[in-house]
Amino acid sequence: MGKKGGNKKKEAEDAALLAAEEEAARLEEERLKIEEEERKLRELEDVGLKTEEEERVAAADALLAADAAEFAPFHADRKKVLDRFRSQDKTAYEWERFKACSPRPDPQHEKEVNGYEMGVLAGEGQLLGDALNTAQDNELVVQEAQLYCNWALAEDKAEAASQLRGYQARVRALSEKVLDRSTARLLHTADEYANDKGEIQLHDSRADFKYAMWVNHVKNPRFKQIEVPELGITAELPKSLALASVAVRLTHRAYCNFSGRAKNELMSVGGVFTVDLLTLPPLPKKVKGWTLRTMTPLAYDVNRLAYPIPAAGAEQSTSAGEVDTDAPPVVLSYKLPSDLVLVEPAPRVGWWDNEAQEWKTEGVTEVKVEEGVLTYSSCKLTHLALLQSRVALLPYKKWSVRPTPSGETCIVSVTPSGSRFAGAPIEIEAGDGWCRLAGPTNVPELSALMEAKVSPWVLLSRLSTCGVHLTPEDRDCYFLEIDKKETDLEVACCADLALLAPAFMIASSKWNKSCSKDDCMVRFAEVTDFDRTLAVDADKAFARERDEVRVMLRKLKGCVLVDAKDKLEALSAELKVHMADGRNNVGAAAVRSRRDGFETPLEPLKYSQTALSLLKGVASEDALQRVNAASAPLTEVVKNLLVLLRVFTFG
């Protein structure tokens, strides 16, 4: 009886379990059926919503196209003015070049560059003075190529600009070859330059080059220092070099060929100082009044030695990309350019690693700058330079654009990061086809840049040469951990604002950084009193953010006014949905995002094709007339400055 009772109990439990499983299966089947019905209904609804959204987008695109058509004559007229302005500028330059009968090649033509290279390299190595003259002439070719490159960039001719940069690299490589061949010639006849003590030291210089060489024929263990007061160069040598059969060549170039391809964030400032250890050719023999010289490859080219110099028959212990920190250092000292601004609190010096394509500081110690003289100890003898971060002044704390009281020029202002400028802005005045540095006025190293009226490319390049680097690149985003704005969007937004600049004050928006790469945000305010367009006036206006301050959201398709002033603690949920339209949300998803979660469905934002069409009915007639009458070369300079400064990605 007990066993049968147990079986019945188990059978009842099994039956209950089976019933529960069947009920669960039924409920799951019913749930899935309901889900499928809801999915089909949603899909059916989505078809309608998608059609609705596509019709809305098509209608909006038609309005944008109408905007574009309305302002097409305005933009076409301005393009004609700009084309004529550039043509006149270029024609005037080339006429002066023609009248000067310049022997230098035209960097626009590859055949001329090829012929120039062949002519320079024909024959034997030049005397040092002639070689330096050639190298300096080559820099004039490089500068002229940069002028044509800037014109090409202004005309959106990227391929031509790239070709010109290639010619620049070739011409500078030619300078290196010329200097090496001249050095080989000097070393081959170095005994002719010995003084009464048998010491051989040569030096010379040009505007962009300093050259000094010590040739160790006598191996005097008491010799400790190469000193060239005429060039402001000193090199303290360890005993191992004083006893080595080598030549030590010291060269300083005002330019740098490396920083543009550096994979890390470092760049050189103040030029590049190169220390080369060179193999000495066989010494001549004097027989019966004749001097007999052995002709070897060293009579025509130099052979660089690694440091530390390995013992005879031994292999080099370090590769070109390594440094032996146990090697006795060479102490180098030379005067920095007088217009160099040190933007970092502590100076650092590094050497160029050609294998890794980056600047490295290992093995360089005791760096100091005193009264404009840079001194450091280096265990690595190669290309050396004073370094700073390319992003030392980034991101901008804020930026702005405003017209001057005369109404004939505009001020583009960026406030850099870091302590060097103590929160003061760097201001650039933009005029009719030119710009110049307008501030800060208390940095004497930059005073020369306040006088010359040059193109945006030239001014920002000269600032970078002075250590004030304000032309960031896409690669710099990584080091600042920021997202790059879409290039076409950034350029379009800068073009919009440049057109407004003669009649409006413009300022950065704190929300721009948190926007996606497809959105730019900026504040602006109409100028009603041109006696109140100083920096302090702009700061007050945008700090108070009264009704006259408006915020523009710019997408690639167009722009719209939004409620996003800096005084807000957060952007509204509605604006975030609008900003996602067409990006994260398209079709039916866009309609649902504007509907779901809101008591009343959101009306889509109505975009204008450009800021000009956006301001119709918003700005005063006087402001619109100022915009229409503004000089095309002026607004083009403002646009190019904003594009080069990358204010939306780095501001």
Requested in this report: Give a yes or no on whether the backbone of Ser508 and the side-chain of Arg523 come within a donor-acceptor separation of less than 3.5 Å.
Outcome: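 The answer is yes, because a donor-acceptor pair under 3.5 Å joins these two groups.
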Subject >> Donor-acceptor under 3.5 Å (Thr533 side chain, Pro403 main chain) >> reply: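 Yes, because the side chain of Thr533 sits within donor-acceptor range (under 3.5 Å) of the backbone of Pro403.
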List the residues meeting side chain to side chain donor-acceptor pair (under 3.5 Å) with Thr134, not counting sequence neighbours, and say none if there are none.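 Per chain and number, Thr134 pairs via side chain to side chain donor-acceptor pair (under 3.5 Å) with Gln126.
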Mind checking side chain to side chain donor-acceptor pair (under 3.5 Å) for Glu636 and listing every partner two or more places apart, or none if nothing turns up?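 Checked Glu636 against side chain to side chain donor-acceptor pair (under 3.5 Å); matches are Arg86, Lys639.
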Q.
For Tyr116 and Tyr167: C-alpha separation, side-chain torsions, deciding distance, then whether side chain to side chain donor-acceptor pair (under 3.5 Å) applies.
A. CA-CA 11 Å; Tyr116 179 71; Tyr167 294 157; over 6 Å; no
Check [Y] with [X], please: is the shortest side-chain N to carboxylate O separation under 4.0 Å?
{"X": "Glu176", "Y": "Arg253", "answer": "yes"}
{"X": "Asp301", "Y": "Lys177", "answer": "yes"}
{"X": "Asp476", "Y": "Lys484", "answer": "no"}
{"X": "Glu427", "Y": "Arg402", "answer": "yes"}
{"X": "Asp518", "Y": "Lys555", "answer": "no"}

Taking atom [atom1] of [X] and atom [atom2] of [Y], what is their separation to the nearest 0.5 Å?
{"X": "Leu278", "Y": "Leu186", "atom1": "CG", "atom2": "CG", "value": "11.0 Å"}
{"X": "Lys557", "Y": "Cys559", "atom1": "NZ", "atom2": "SG", "value": "11.5 Å"}
{"X": "Leu612", "Y": "Phe71", "atom1": "CG", "atom2": "CZ", "value": "5.5 Å"}
{"X": "Cys410", "Y": "Leu497", "atom1": "SG", "atom2": "CG", "value": "11.5 Å"}
{"X": "Ile426", "Y": "Ile428", "atom1": "CD1", "atom2": "CD1", "value": "8.0 Å"}

Aromatic contact between Phe209 and His252, with the criterion being ring centroids under 6.0 Å apart: yes or no?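 Not under 6.0 Å, so no.
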Query raised in the report: Trp399 and Tyr396: aromatic ring centres closer than 6.0 Å?
Result: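 Here the rings of Tyr396 and Trp399 have centres that are no less than 6.0 Å from each other.
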Do you know which two heavy atoms are closest between [X] and [Y], and how far apart they sit?
{"X": "Tyr300", "Y": "Arg181", "result": "O-CG, 3.5 Å"}
{"X": "Ser259", "Y": "Arg390", "result": "O-NH1, 4.5 Å"}
{"X": "Val364", "Y": "Ser378", "result": "CG2-OG, 3.8 Å"}
{"X": "Gln609", "Y": "Ser613", "result": "N-OG, 3.4 Å"}
{"X": "Ala152", "Y": "Ala161", "result": "CB-N, 4.0 Å"}
{"X": "Leu231", "Y": "Ala212", "result": "CD1-CB, 4.4 Å"}

Identify, with sequence neighbours excluded, every residue that meets side chain to side chain contact (heavy atoms under 4.5 Å, CB included) alongside [X].
{"X": "Glu112", "result": "Pro105, Asp106, His109"}
{"X": "Gln88", "result": "Arg84"}
{"X": "Tyr93", "result": "Arg97, Glu144, Leu147, Tyr148, Trp151"}
{"X": "Lys360", "result": "Trp351, Asp353, Ala356, Glu358"}

Just wondering, more than 12 heavy atoms not from [X] lying within 6.0 Å of its [atom1]?
{"X": "Phe530", "atom1": "CZ", "result": "yes"}
{"X": "Glu159", "atom1": "CD", "result": "no"}
{"X": "Lys398", "atom1": "NZ", "result": "no"}
{"X": "Asn354", "atom1": "CG", "result": "yes"}
{"X": "Lys263", "atom1": "NZ", "result": "no"}

Acceptor/donor pairs from residues 445-461 side chains to any protein atom, 3.5 angstrom cut, sequence neighbours excluded:
| residue | atom | partner | partner atom | Å |
| --- | --- | --- | --- | --- |
| Ser447 | OG | Pro444 | O | 3.0 |
| Ser455 | OG | Val458 | N | 3.2 |

ask   = Pick one: which of Ile411, Thr409, Leu500, Val412 meets side chain to side chain contact (heavy atoms under 4.5 Å, CB included) with Val638?
value =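 With Val638 as partner, side chain to side chain contact (heavy atoms under 4.5 Å, CB included) holds for just one option, Val412.
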_Quick test of your reading: applying salt bridge (Lys or Arg N to Asp or Glu O under 4.0 Å), list the pairs with at least one residue in residues 117-132, sequence neighbours left out, ordered by first then second residue._
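Only Glu117-Arg170, Glu124-Arg185 qualify under salt bridge (Lys or Arg N to Asp or Glu O under 4.0 Å).
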Salt bridge (Lys or Arg N to Asp or Glu O under 4.0 Å): which pairs involve residues 430-439, sequence neighbours left out?
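Output for this query lists Glu429-Arg436.
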Test side chain to side chain donor-acceptor pair (under 3.5 Å) on Thr610 and Asp496 and set out the steps. CA-CA 6 Å; Thr610 67; Asp496 268 349; 4.5 Å; no
Next item on the list: I would like to know whether Arg249 and Thr183 meet side chain to side chain donor-acceptor pair (under 3.5 Å); could you show each step before the answer?
Entry: CA-CA 9 Å; Arg249 183 175 65 174; Thr183 298; 2.9 Å; yes
query = Could you go step by step and tell me if Ser464 and Arg462 meet the side chain to side chain donor-acceptor pair (under 3.5 Å) rule?
reply = CA-CA 5 Å; Ser464 184; Arg462 290 181 182 175; over 6 Å; no
Just list the side-chain donor-acceptor pairs under 3.5 Å for residues 336-348, sequence neighbours left out, or say none.
| residue | atom | partner | partner atom | Å |
| --- | --- | --- | --- | --- |
| Glu344 | OE1 | Arg348 | NE | 3.1 |
| Glu344 | OE1 | Arg348 | NH2 | 3.3 |
| Glu344 | OE2 | Arg348 | NH2 | 3.0 |
| Glu344 | OE2 | Ser389 | N | 2.9 |

ask   = Does the cation-pi check pass for Arg172 over Tyr255, that is, NZ or CZ under 6.0 Å from the six-membered ring centre and within 45° of its axis?
value =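 Here Arg172 passes the 6.0 Å and 45° test against Tyr255.
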| ring pair (Phe, Tyr, Trp, His ring centres under 6.0 Å) partners for Phe504, two or more places apart |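 Phe524.
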Show the atom names and distances, to 0.1 Å, of all donor-acceptor pairs under 3.5 Å that link a side chain in residues 642-651 to residues at least two apart or in another chain.
| residue | atom | partner | partner atom | Å |
| --- | --- | --- | --- | --- |
| Arg646 | NE | Glu490 | OE1 | 3.2 |
| Arg646 | NH1 | Asp474 | OD1 | 3.2 |
| Arg646 | NH2 | Asp474 | OD1 | 2.9 |
| Thr649 | OG1 | Lys485 | N | 3.1 |
| Thr649 | OG1 | Glu490 | OE1 | 3.2 |
| Thr649 | OG1 | Glu490 | OE2 | 3.2 |

